[in-house]
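Read through the structure below, which is laid out as structure tokens, and then see the notes.
Everything numeric here is computed off the predicted structure, so don't read it as measured data. Numbering of residues begins at 1 and proceeds along the displayed sequence.
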Amino acid sequence: VNALQHGGPEVRVGLEVSNGDAIVEVNDNGPGVPPEIRDRLFEPFVNDAGRALLTGSLGMGLSVAASLATLLGGDLRYRRTDRTSFTLRLPAAVERRTEDVLSHEVTTV
């Protein structure tokens with residue numbers, strides 16, 4: 001939603017699984033995060049005070065998303081090159097083989 005509301009008109013979303021991690025990248029061709037708030041971007045209540053806030057916006061979304069990513073063993077990062085990019089990395093779910101599940105002894109109480 002942030003990319004659509006704050007980014008440029010061209011938004012791309014990509015998904016890849018690499019080294020046991022699921023990686024989601026959202027990027028756009030907008031101007032990016034203002035330099036004066038980049039260091040605090042993932043802190044609560046940070047927003048671009050130079051623009052009117054959207055109705056109901058408190059500047060909490062990225063803070064909550066980054067905290068949840070960390071709690072789940074991943075991270076959320078911002079990068080600015082020729083495009084604005086946010087990358088979410090989370091451990092991918094491990095698929096258990098049927099043989100592994102069936103080979104465990106079941107104990108009843």
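Here the side chains of P44 and M60 are in contact, with some heavy-atom distance below 4.5 Å.
Closest approach of L72 and L90 over heavy atoms only: CB-CD2, 4.0 Å. Across P91 and G74, no two heavy atoms sit closer than the pair CD-N, 4.1 Å.
The distance from the OG1 atom of T84 to the CG atom of N27 is 8.5 Å, given to the nearest 0.5 Å. Within the model, atoms OG1 of T87 and CG of L76 stand 8.0 Å from one another, a figure rounded to the nearest 0.5 Å.
V13 is connected to L4 through a chain of hydrophobic side-chain contacts under 4.5 Å among Ile, Leu, Val, Met, Phe, Trp and Tyr, so both are in one cluster. A single hydrophobic cluster is not seen to contain both I23 and V11; linkage of ILVMFWY side chains at heavy-atom distances under 4.5 Å, directly or through other members, places them apart.
In this view, E25 and R79 satisfy the salt bridge (charged side-chain N to carboxylate O under 4.0 Å, His left out) rule, not counting sequence neighbours.
For Y78 (side chain) and V33 (main-chain N/O), a donor-acceptor pair under 3.5 Å exists by modelled atom type.
For R77, the CZ atom sits in a loose shell: 12 or fewer heavy atoms of surrounding residues, nucleotides or ligands are nearer than 6.0 Å.
Classification of the F42-F86 ring pair by plane angle, with boundaries at 30° and 60°, yields perpendicular.
Counted by atom type alone, R83 and N29 present zero donor-acceptor pairs between their side chains at under 3.5 Å.
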